[in-house]
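Only this structure's heavy atoms are used, side chains among them; waters, hydrogens and symmetry mates stay out. Just so you know, ligand 1 is whichever comes first in the structure, and atom 1 is the first atom listed for that ligand.
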Amino acid sequence: APRVLSGIQPTADSFHLGNYLGALRQWVAMQDTHDAFYCVVDLHAITVEHDPATLRRRTKVAVAQLLAMGLDPDRATVFVQSHVPEHAELAWVLGCLTGFGEAGRMTQFKDKSSKQGTSGTTVGLFTYPILQAADILLYTPEPGEGERVLRVPVGEDQRQHLELTRTLAQRFNHRFGETFVLPEAHIPSGAAKITDLQEPDAKMSKSASSPQGIIDVLEEPGPMRKKIMRAVTDTGTEVVYDEEKKAGVTNLLRIYSALEGTPIPDLERRYEGSGYGQFKKDLAQIVVDTFTPIRERTLKLLDDEAHLDRLLAHGAERASRVAERTMETVRERVGFVGRG
Ligand code: TYM
């Protein structure tokens with residue numbers, strides 16, 4: 001089977017609707033058709049100031065949510081990044097192949113660092129995309145493992161990081177011999193960038209959005225409905241798709257369409273002449289119906305921490321088998337002396 005690898009940061013108490021539609025839903029679907037590796041990237045989470053106890057809790061909540069969404073630890077390898085030290089090791093090697101200017105052109109770094117001011121920015125935040133490249137390339141399928149494909153399901157905001165990953169893979173192969181496959185970004189067509197409910201021109205984001213702008217997967221139905229009913233819509237009353245003039249309604253239409261599986265033109269027809277109210281009410285119901293079972297399963301999974309720990313140990317072991325093999329090849333190719 002082709003391979004899939006993706007990661008998510010444990011930087012909030014809950015994942016949000018953008019994470020779900022942009023990435024996590026694809027993770028679940030792809031476990032049936034791919035040899036799947038999914039990691040909670042705690043090393044990435046410390047690139048901004050953090051509290052240790054909070055990070056530990058959020059990492060567990062992240063894992064529980066992934067399982068609650070339907071990832072099956074028998075089919076997919078679910079693991080925590082820091083359990084597999086090869087991620088950091090490969091990042092070092094790739095960092096030595098990355099130009100300083102090349103790293104400086106990453107727009108996410110520019111956005112995040114400008115918010116923190118230069119004194120608050122760390123070298124870790126700067127090299128973040130290189131660690132991400134390592135996350136991905138470590139899971140390059142071995143020659144002879146059949147179809148050598150590596151797909152990476154992510155939202156639109158990760159496109160540039162995927163491009164850098166491909167560049168670094170190519171550069172490594174060119175310098176040291178064919179080692180890595182070039183990973184393919186797998187970005188959903190309709191829901192690649194879900195926007196903030198209060199600021200429909202900005203991405204829904206755990207770090208930048210206000211609580212009113214973001215729908216959390218683990219949120220209670222009451223607040224969820226309220227936020228959707230209060231989502232910024234545009235002047236006018238018609239439920240029509242128009243990215244420029246009706247960014248708010250367009251975002252809600254995308255969410256609706258992705259969750260229900262109904263094409264947008266069908267939704268426009270369904271709500272012709274009925275105004276925003278009914279449309280929002282129905283959408284709120286769909287969101288509540290989607291996330292309520294996930295919230296309930298997450299809470300249940302968090303009740304048995306020992307069970308979660310066992311699943312993670314199992315995931316780490318399976319991920320390590322692949323990562324260790326890749327890293328052995330890398331060490332040999334770059335000229336490190338073997339330990340014998
Ligand atoms: P992170 O943790 O910020 O987000 C996880 C996933 O959710 C997607 N996403 C969105 N999609 C649509 N609309 C939105 N508003 C939205 N907000 C977030 C992200 O694109 C992402 O797919 N750098 C990564 C984590 C990472 C990673 C990796 C991903 C580390 N190593 C290896 C893939 C492969 C990140 O910050 O995602």
Decide whether Thr298 and Gln65 meet the rule of one side-chain donor and one side-chain acceptor closer than 3.5 Å. no
How far is atom 36 (O) of ligand 1 from the closest protein heavy atom, and which atom is that? Tyr128 OH, 2.7 Å
Which protein heavy atom lies closest to atom 17 (N) of ligand 1, and at what distance to 0.1 Å? His16 CE1, 3.5 Å
Can you find a side-chain donor-acceptor pair between Ser210 and Gln212 that sits under 3.5 Å? no
Can you confirm if the NZ or CZ of Lys112 lies within 45° of the ring axis of Tyr128 and under 6.0 Å from the centre of its six-membered ring? yes
So does Arg171 pair up with Glu102, basic N to acidic O under 4.0 Å? yes
So which bit of Met204 gets within less than 4.0 Å of ligand 1, heavy atoms only: side chain, backbone, both or neither? both
Go through ligand 1 atom by atom and flag the ones less than 4.0 Å from a non-hydrogen atom of Ala192. 11 (N), 12 (C), 13 (N)
Does Pro129 come within less than 4.0 angstrom of ligand 1, counting non-hydrogen atoms of the residue? no
Part of Leu21 with heavy atoms under 4.0 Å of ligand 1, whether side chain, backbone, both or neither: neither
Would His16 and Asp216 count as having a side-chain donor-acceptor pair, cut-off 3.5 Å? no
Does at least one non-hydrogen atom of Lys206 fall below 4.0 angstrom from an atom of ligand 1? yes
Is it true that Asp234 and Lys245 make a salt bridge, defined as a side-chain N closer than 4.0 Å to a carboxylate O? no
Check the side chains of Ser209 and Asp196 for a donor-acceptor pair under 3.5 angstrom, ignoring hydrogens and angles. yes
Using heavy-atom distances, let me know which of Gln132, His44, Arg254 sits nearest atom 27 (C) of ligand 1. Gln132
Give a yes or no on whether the ring-centroid distance for His161 and Phe109 is below 6.0 angstrom. no
Side chain, backbone, both or neither: Leu24 near ligand 1, heavy atoms under 4.0 Å: neither
Shortest protein heavy-atom distance from atom 2 (O) of ligand 1, along with the residue and atom involved: Gln9 N, 2.9 Å
What's the shortest distance from atom 18 (C) of ligand 1 to any protein heavy atom, and which residue and atom give it? Asn19 ND2, 3.2 Å
Ligand 1 versus Asp135: contacting region, heavy-atom distance under 4.0 Å: side chain
Tell me whether Ser205 reaches ligand 1 (any heavy atom closer than 4.0 angstrom to a ligand atom). no
Do Asp72 and Gln31 get their side chains close enough for a donor-acceptor pair, meaning under 3.5 Å? no
Quick test: of every protein heavy atom, which one is nearest to atom 10 (C) of ligand 1, and how far off is it to 0.1 Å? Gly18 O, 3.4 Å
Under 3.5 Å between some N or O of ligand 1 and some N or O of Gly7? no
Name the closest protein heavy atom to atom 19 (C) of ligand 1, giving the residue it belongs to and the distance to 0.1 Å. Asp157 OD1, 3.4 Å
Which residue owns the protein heavy atom closest to atom 13 (N) of ligand 1, what's the atom, and how far is it? Ile194 N, 2.9 Å
State whether Arg325 and Glu328 are salt-bridged, where the test is any N-O pair (Lys NZ or Arg NE/NH1/NH2 against Asp/Glu carboxylate O) under 4.0 Å. no
For Glu147, is there an ion pair with Arg3 - N to carboxylate O distance below 4.0 angstrom? no
Any salt bridge linking Arg254 with Glu243? Criterion: basic side-chain nitrogen under 4.0 Å from a carboxylate oxygen. yes
Please indicate whether any nitrogen or oxygen in Leu5 is less than 3.5 Å from any nitrogen or oxygen in ligand 1. no
Tell me: protein heavy atom nearest atom 37 (O) of ligand 1, and distance? Gln158 NE2, 4.0 Å
